[in-house]
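Step one of this worksheet: look at the structure below.
Each chain gets a letter, A, B and so on, in the order the sequences are listed, and its residues count up from 1. Predicted model, so just to flag it, every value in this text is computed and none were measured.
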Amino acid sequence: MTTSETESPEVRTPSNFLRDLIAEDVRTKKYGDAQIQTRFPPEPNGYLHIGHAKAICLDFGLADEFVGKTNLRFDDTNPEKEEQEYVDSIQKDVRWLGFEWERLCYASDYFVQLYEWALQLIKAGKAYVDDLTAEEIRQYRGTLTEPGKDSPYRNRSVEENLDLFVRMKNGEFPDGSCVLRAKIDMASPNLNMRDPVMYRILHATHHRTGDEWCIYPMYDYAHGQSDSIENITHSMCTLEFADHQPLYRWYIEQLGIFPSQQIEFDRLNLTYTLLSKRKLLQLVQEGHVRGWDDPRMPTLSGIRRRGFTPEAIRAFVASVGVTRTNGIVDIEMLEHFQRDDLNRRARRVLAVLRPLKLVIDNYPEGQEEFVEVANNPEDPSAGTRQVPFSRELYIEQDDFREVPPPKYFRLSPGKEVRLRNAYFVTAQRVVKDERGNLVEVHCTYDPASRGGNSPDGRKVKSTMHWVSAAHAISAEIRLYEKLFTKTDPGDFEEGESFLVNLNPNSLEILTEARLEPSLANAQPGEHFQFERVGYFCPDPDSKPGELVFNRTLPLKDTWAKIEKKAGA
RNA sequence: UGGGCGAUCGACUAAUGGUAGGUCAAGUGCCUUUGGAGCACUCAGUCCAGGUUCGAAUCCUGGUCGCCCAGCCA
């Protein structure tokens, strides 16, 4: 059993440069016998979105693969934007995605250590207090093509810097009056090295440290050292931080602490999707959506409410891979993995979104029976259930045409179709109201076709879903379309904003839907396929007797394509 | 026009000097008690120009194009 012929043809996801790099570090024992340690470092200033899911899968997934550990660390160095609400939602979302952290950390846990290291750098002549205003600092920084010039305060004595910095920390100075800067090189072609600010004065209340501090470290001064404190071996971040890497290393080298290494990868972008925390915040604050967890939002809480699953998201992330090129993934790719997942697990039910009464003239009045229906044809172990059938039913308005267009296989006068798992019916006549609107279709059924097959072997072109009018329950159905009309929501004319690309039809609410009675006890967190329609899930807005369903995704619709092609 | 990073089917991504392959999308057919799913097939790519080599997506040289950086945000 050792020949290559008997090896199982296991499916393996192709490698990527991150995995290769870590594997190489493990092989060469770059960190000795220490285990691989990563971290996921969100700033608690907003909700996590699908883009973060990629980072989470990489940070946790790769560590896991190499038998390492991952910390969840809140990068909470800016009290003005951060809130406990975000801290809570982030933890919930990471767990929902299926990951558990080794340690829960906060950059604010390291404020004392960071402060002491700042004193150390001042004593070493590597940092100074600068009294320049923010505007002056900008001017002194130079431009992309011109070098900056030294601040007049750059050569203060160590004693003076120490005194000033301690007084900064003690709250003797107002916001913005001065900053602590690293003394590096004002002529560096990398702007990040032109004496970057290490600390600024912010008399703000921090969500964890309260009013204990009035000076707060900048990202660059906090991140690498936080990594180092936690013995992070591989600190993965997105491409835009590549220019920060020299500074990341500079602090670690000057301080002589554990040499964590930063590695950058490409951020996830999706068509028709906005993944900017600032703009998502704007959508929420200005009421363009119903909240961070609006099912149209790309936030993890939004797509969770929409009915997306962690399994599908993880499969999607694995499939798009990781490189250093900036691209934009087709949203269809995400939707494919979600349909694939739900197709395997979602229980099938019959539900009519836009009802049209169908009366079976030759079915005995007052009679009812139950037909057996498979809960999931993809999974026989899901079993079957009994669904009530009677003389008056509802079918989908779209499933009947008085004048059928070419290739239309559904019900029309004189045509015979199958009611799923029930009987063959043939449309006979229609009933209209005084304004000429269709209100009922009358048909006849073939009693011999019970279960959905005719003993004479007769074939029908179409199978349709239905619900028994007398037994059906009603529900509100929320249909979602893309939130934006453009592939790139950030594409707009001068003087406009991304809001012009908002899709006015992104939410449609249906109130007439009729569902099979087994759905009466559906709970949020469950997933269903409404046969022939799409995947749906109960919304938390549901109340007893007042069900609300979200459409996660519609089923692929070949007929819609045919119709579109014919119309075009 | 300083610095950094990058460029493979329409999209994402493999091939690490040796047959340019996979997934999504698109299209065709088969099958079907979901016009779903599934199955089969098709379309379609190495940014450009030179060079090295028996052989280049890969190495070298020179271009072109794209993204990022001038917060006391992260």
Checklist line | Listed nucleotide nearest any side-chain atom of A:Asp75, set B:G36, B:A74, B:C12 | finding: B:A74
Margin query: According to side-chain contact (heavy atoms from CB on, under 4.5 Å), who are the partners of A:Ser462, at least two apart in sequence or on a separate chain?
Written below: A:Phe409, A:Arg410, A:Val417, A:Met464
Next item on the list: Mind checking A:Ile137 for me? I need base, sugar-phosphate or nothing, with any heavy atom below 4.0 Å counting as a touch.
Entry: base
Next item on the list: Kindly say whether A:Thr271 contributes a backbone atom to a donor-acceptor pair with the side chain of A:Thr487 at under 3.5 angstrom?
Entry: no
Margin query: Within the 3.5 Å criterion, strictly below it, is a donor on A:Tyr272 or A:Glu332 matched to an acceptor on the partner's side chain?
Written below: no
Check: Within the modelled atom types, does a donor on one side and an acceptor on the other bring the side chain of A:Arg410 and the base of B:G35 under 3.5 Å apart?
Finding: yes
Item checked: Spacing between A:Phe316 atom CZ and B:C24 atom C1', to the nearest angstrom -> 10 Å
Note to self: At a heavy-atom distance below 4.0 Å, what parts of residues 236-249 of chain A sit against RNA chain B?
What the structure shows: A:Glu240, A:Phe241, A:Asp243, A:His244
Notebook entry, point to check: Nearest-Å distance, CZ (A:Arg19) to C1' (B:A14)?
Noted result: 12 Å
Checklist line | Shortest side-chain distance from A:Leu191, nucleotide among B:A70, B:G27, B:A74 | finding: B:A70
Next item on the list: Answer yes or no: is there an ion pair linking A:Arg458 with A:Glu416, defined by an N-O contact shorter than 4.0 Å?
Entry: yes
Check: Taking 4.0 angstrom as the limit, do A:Glu230 and A:Arg39 come out as a salt bridge?
Finding: no
Notebook entry, point to check: Taking only residues two or more places apart in sequence, or in another chain, which ones meet A:Leu239 in a side-chain contact (heavy atoms from CB on, under 4.5 Å)?
Noted result: A:Glu264, A:Asp266, A:Arg324
Please list, for nucleotides 41-46 of chain B, all pairs of protein and nucleotide N/O atoms separated by less than 3.5 Å.
none

Next item on the list: Quick one: list whatever passes salt bridge (charged side-chain N to carboxylate O under 4.0 Å, His left out) with A:Asp195, sequence neighbours left out.
Entry: A:Arg154
Next item on the list: Output all residues satisfying salt bridge (charged side-chain N to carboxylate O under 4.0 Å, His left out) with A:Asp340, sequence neighbours left out; order by chain, then residue number.
Entry: A:Arg344
Notebook entry, point to check: Is the backbone of A:Glu146 close enough, under 3.5 Å, to the side chain of A:Thr143 for a donor and an acceptor to pair up by distance?
Noted result: yes
Margin query: For a quick check, tell me whether the side chain of A:Glu264 and the base of B:G4 share a donor-acceptor pair closer than 3.5 Å.
Written below: no
Next item on the list: Using a cut-off of strictly less than 4.0 Å between a heavy atom of the residue and any atom of RNA chain B, enumerate the qualifying residues of residues 324-342 of chain A by number.
Entry: A:Arg324, A:Thr325, A:Asn326, A:Gly327, A:Ile328, A:Val329, A:Asp330, A:Glu332, A:Met333, A:His336
Item checked: Carboxylate-amine/guanidinium proximity below 4.0 Å for A:Lys556 and A:Glu335 -> no
Next item on the list: Only stems of 3 or more consecutive Watson-Crick or G-U pairs count here, both distances under 3.5 Å; name the ones for RNA chain B, or none.
Entry: B:2-7 with B:64-69, B:10-13 with B:21-24, B:26-30 with B:38-42, B:47-51 with B:59-63
Check: Whole Å only: how far is the CZ atom of A:Arg532 from the P atom of B:U32?
Finding: 18 Å
Item checked: Close approaches to RNA chain B from residues 40-48 of chain A, in residue order (heavy atom, under 4.0 Å) -> A:Glu43
Next item on the list: Could you state the atom-to-atom distance from CG of A:Leu144 to P of B:G3 in whole Å?
Entry: 11 Å
Item checked: Any residue meeting salt bridge (charged side-chain N to carboxylate O under 4.0 Å, His left out) with A:Arg200, in chain and number order, not counting sequence neighbours -> none
Note to self: Taking B:A40 as the reference, what is the distance to B:C47 when you measure between their C1' atoms (whole Å, please)?
What the structure shows: 35 Å
Note to self: Using modelled atom types and a 3.5 Å cut-off, is there a donor and acceptor pairing between side-chain atoms of A:Ser188 and backbone atoms of A:Asn190?
What the structure shows: yes
Checklist line | Those residues that, when tested against A:Glu372, pass salt bridge (charged side-chain N to carboxylate O under 4.0 Å, His left out) (two or more places apart) | finding: none
Notebook entry, point to check: Residues in side-chain contact (heavy atoms from CB on, under 4.5 Å) with A:Pro79, at least two apart?
Noted result: A:Leu202, A:Ala204, A:His206, A:Tyr216
Check: Distance-only, no hydrogens or angles: does the A:Ser260 side chain make a donor-acceptor pair with backbone N or O of A:Ile232 under 3.5 Å?
Finding: yes
Note to self: For A:Glu516, is there an ion pair with A:Arg385 - N to carboxylate O distance below 4.0 angstrom?
What the structure shows: yes
